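Values below: every heavy atom of this structure, side chains too, minus hydrogens, waters and symmetry copies. Because the structure is predicted, anything quoted here is derived from the model rather than measured. This chain uses plain numbering: 1 for the first residue, then up along the sequence.
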Amino acid sequence: QLQLVESGGGLVQPGGSLRLSCAAAGSTFDYYAIAWFRQAPGKEREGVSGISATGGSTVYADSVKGRFTISRGNNKNTVYLQMNSLIPADTAVYYCAAARGPCLLLLSLYSGWGQGTQLTVSS
């Protein structure tokens, strides 16, 4: 079963940038759509961005459009989330997960959840 591992979180000042990474533990995810979700304290997990298996299609939540960019690494074993112009509302634990089929931001389609990586945006 595919299992993903997130990394790259940290503490960033408002307006700053950070890049998260998602990798498959002991496997590859060439044939899976990959998406990033986030969960802030006291809130439900929400979709942030997704990318298709080929990398040809991407989707973003309205709250991050124009600020975040999702991409697949050249080795196809890593998916990145480049986050720019960060704001305190972006503070959350970020998770990546995999799905067969299109990269829709629907929680129920995804599996292989990792432990998540914490992003804190604060001055």
Side-chain angles (χ1 to χ4, degrees):
Q1 184 177 353
L2 190 65
Q3 186 66 46
L4 304 183
V5 179
E6 306 92 343
S7 62
L11 173 63
V12 182
Q13 292 188 341
S17 298
L18 204 65
R19 188 178 77 166
L20 304 181
S21 299
C22 171
S27 181
T28 64
F29 44 48
D30 294 31
Y31 304 105
Y32 290 84
I34 303 297
W36 286 95
F37 293 80
R38 67 186 182 186
Q39 189 165 18
K43 294 188 176 181
E44 293 185 352
R45 194 169 296 189
E46 63 176 1
V48 175
S49 181
I51 189 166
S52 64
T54 63
S57 296
T58 58
V59 62
Y60 296 93
D62 288 343
S63 58
V64 306
K65 278 181 183 176
R67 300 189 298 121
F68 290 11
T69 303
I70 192 169
S71 62
R72 284 189 177 260
N74 290 333
N75 64 5
K76 298 185 179 180
N77 290 333
T78 308
V79 168
Y80 301 104
L81 185 68
Q82 177 66 43
M83 305 181 294
N84 299 327
S85 302
L86 286 164
I87 59 177
D90 294 320
T91 296
V93 178
Y94 283 71
Y95 302 88
C96 62
R100 294 284 193 180
C103 54
L104 302 174
L105 295 180
L106 297 176
L107 203 67
S108 59
L109 297 178
Y110 290 84
S111 61
W113 299 91
Q115 296 294 314
T117 186
Q118 174 73 47
L119 168 68
T120 302
V121 183
S122 175
S123 56

* **Straight-line distance of Arg72 CZ to Asn77 CG, nearest 0.5 Å** =>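 Nearest 0.5 Å value for the CZ-CG distance: 9.5 Å.
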
* From Lys65 atom NZ to Ser49 atom OG, the distance as rounded to the nearest 0.5 Å -> 10.5 Å

Is there a side-chain contact between [X] and [Y], using heavy atoms and a 4.5 Å cut-off?
X      : Y      : value
Leu20  : Tyr80  : no
Cys22  : Leu4   : yes
Val93  : Thr117 : no
Thr78  : Ser21  : yes
Ile34  : Ile70  : no
Val121 : Gln13  : no
Arg67  : Asp90  : yes
Leu81  : Arg19  : no

* Within one Ile-Leu-Val-Met-Phe-Trp-Tyr cluster: Val5 and Phe37, side-chain cutoff 4.5 Å ->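 Result: no, two separate clusters.
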
* Asked: Cluster question for you: counting only ILVMFWY and a side-chain heavy-atom cut-off of under 4.5 Å, with indirect links fine, are Trp113 and Leu104 together?
  ->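 Same hydrophobic cluster.
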
Over all atoms of both residues, closest heavy-atom pair of [X] and [Y]:
X      : Y     : value
Leu105 : Gly47 : CD1-C, 4.0 Å
Ala40  : Ala92 : N-CB, 3.8 Å
Ser17  : Ser85 : OG-N, 4.4 Å
Gly56  : Ser52 : N-OG, 3.2 Å

* Does NZ or CZ of Arg38 fall inside the cone over Tyr94's six-membered ring, less than 6.0 Å from its centre and within 45° of the axis? ->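 Arg38 over Tyr94 ring: no.
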
* To do: Please say whether the positively charged group of Arg100, taken as NZ for Lys or CZ for Arg, lies over the ring of Tyr32, i.e. under 6.0 angstrom from the six-membered ring centre and within 45 degrees of the axis.
  => yes

* For Lys43, all residues meeting salt bridge (charged side-chain N to carboxylate O under 4.0 Å, His left out), sequence neighbours excluded -> none

* Can we call the ring centroids of Tyr110 and Tyr95 under 6.0 Å apart? -> no

* With Thr120 via side-chain contact (heavy atoms from CB on, under 4.5 Å) - residues at least two apart -> Leu11, Thr91, Gln118, Ser122

* Asked: Considering the options Val59, Ile51, Leu109, which one meets the side-chain contact (heavy atoms from CB on, under 4.5 Å) requirement together with Cys103?
  ->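 Passing option: Val59.
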
* Decide ring-ring contact (aromatic ring centres under 6.0 Å, His included) for Phe68 and Trp36; before the verdict, give the C-alpha distance in whole Å, the side-chain angles of both, and the deciding distance to 0.1 Å. => CA-CA 11 Å; Phe68 290 11; Trp36 286 95; 9.9 Å; no

